[in-house]
Amino acid sequence: VSILAIGVESVRGVFAEGDIVTVIDAGGLILGRGRSRIYAERLGKLVGALGNPDISINSRSEIVIHCDYFALNPELAKMQYHSDPVSISP
């Protein structure tokens, strides 16, 4: 499972590209942790602009955390699909 920009609802805190971040669902459940490919300020700008039709499809589908660098919460390993927006924090 990779985390794409279009699935991120909010960005909390400051982190750099390559930092380990936590992925949290709307209810506060930790979904997992992974290495961010985007720094917080850039991700925040993408998240804030995703509803803008002038934003390219490439930006909307930009990978925030690649599946090779994402550790799913073991308690959620049985889940096969999660479509709710998530938050990213350091």
Side-chain angles (χ1 to χ4, degrees):
V1 168
S2 290
I3 306 298
L4 305 180
I6 199 164
V8 178
E9 184 175 73
S10 67
V11 180
R12 302 176 189 168
V14 177
F15 52 88
E17 180 180 335
D19 282 355
I20 302 301
V21 295
T22 302
V23 179
I24 305 164
D25 75 3
L29 179 67
I30 293 175
L31 300 176
R33 291 187 171 85
R35 183 182 300 159
S36 180
R37 294 177 65 171
I38 303 173
Y39 59 96
E41 184 178 356
R42 173 164 164 63
L43 181 55
K45 287 179 182 178
L46 276 176
V47 169
L50 286 176
N52 183 340
D54 295 331
I55 298 298
S56 73
I57 290 293
N58 289 338
S59 292
R60 292 178 186 163
S61 60
E62 188 166 348
I63 296 173
V64 177
I65 303 172
H66 190 275
C67 61
D68 289 345
Y69 301 98
F70 182 67
L72 184 66
N73 180 340
E75 295 175 16
L76 304 176
K78 295 177 185 173
M79 279 181 58
Q80 293 186 7
Y81 185 74
H82 192 281
S83 63
D84 295 333
V86 298
S87 294
I88 306 289
S89 65

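The figures here come from the full heavy-atom set of this structure, side chains too, leaving out hydrogens, waters and symmetry mates.
Side-chain N or O atoms of Ser2 include none that pairs as donor or acceptor with a backbone N or O of His66 at under 3.5 Å.
To the nearest 0.5 Å, atoms NZ (Lys45) and OH (Tyr39) are separated by 6.0 Å. In this structure, the separation between CG on Asp25 and CG on Asn73 is 10.0 Å, given to the nearest 0.5 Å. Summarising the geometry, atom CD1 belonging to Ile63 is positioned 10.5 Å from atom CD1 belonging to Ile3; distances are rounded to the nearest 0.5 Å.
Counting heavy atoms from C-beta outward, Ile24 and Leu31 have side chains that stay 4.5 Å or more apart.
Both Phe70 and Val21 sit in one connected hydrophobic cluster of ILVMFWY residues. Membership requires side-chain heavy atoms under 4.5 Å apart, directly or through other members. In the hydrophobic clustering of this structure, Val14 does not group with Leu46; members are Ile, Leu, Val, Met, Phe, Trp, Tyr whose side-chain heavy atoms approach within less than 4.5 Å, directly or through other members.
Across all their heavy atoms, Ser10 and Val47 have their closest contact at N-CG1, 4.3 Å. Across every non-hydrogen atom of Ala16 and Ser36, the tightest pair is O-CB, 4.4 Å.
For the side chain to side chain contact (heavy atoms under 4.5 Å, CB included) criterion with Val8, the lone passing option out of Val23, Val64, Ile38 is Val64.
Legend: residues meeting side chain to side chain contact (heavy atoms under 4.5 Å, CB included) with Arg33, ordered by chain and number and at least two apart, are Ile20, Thr22, Ile30.
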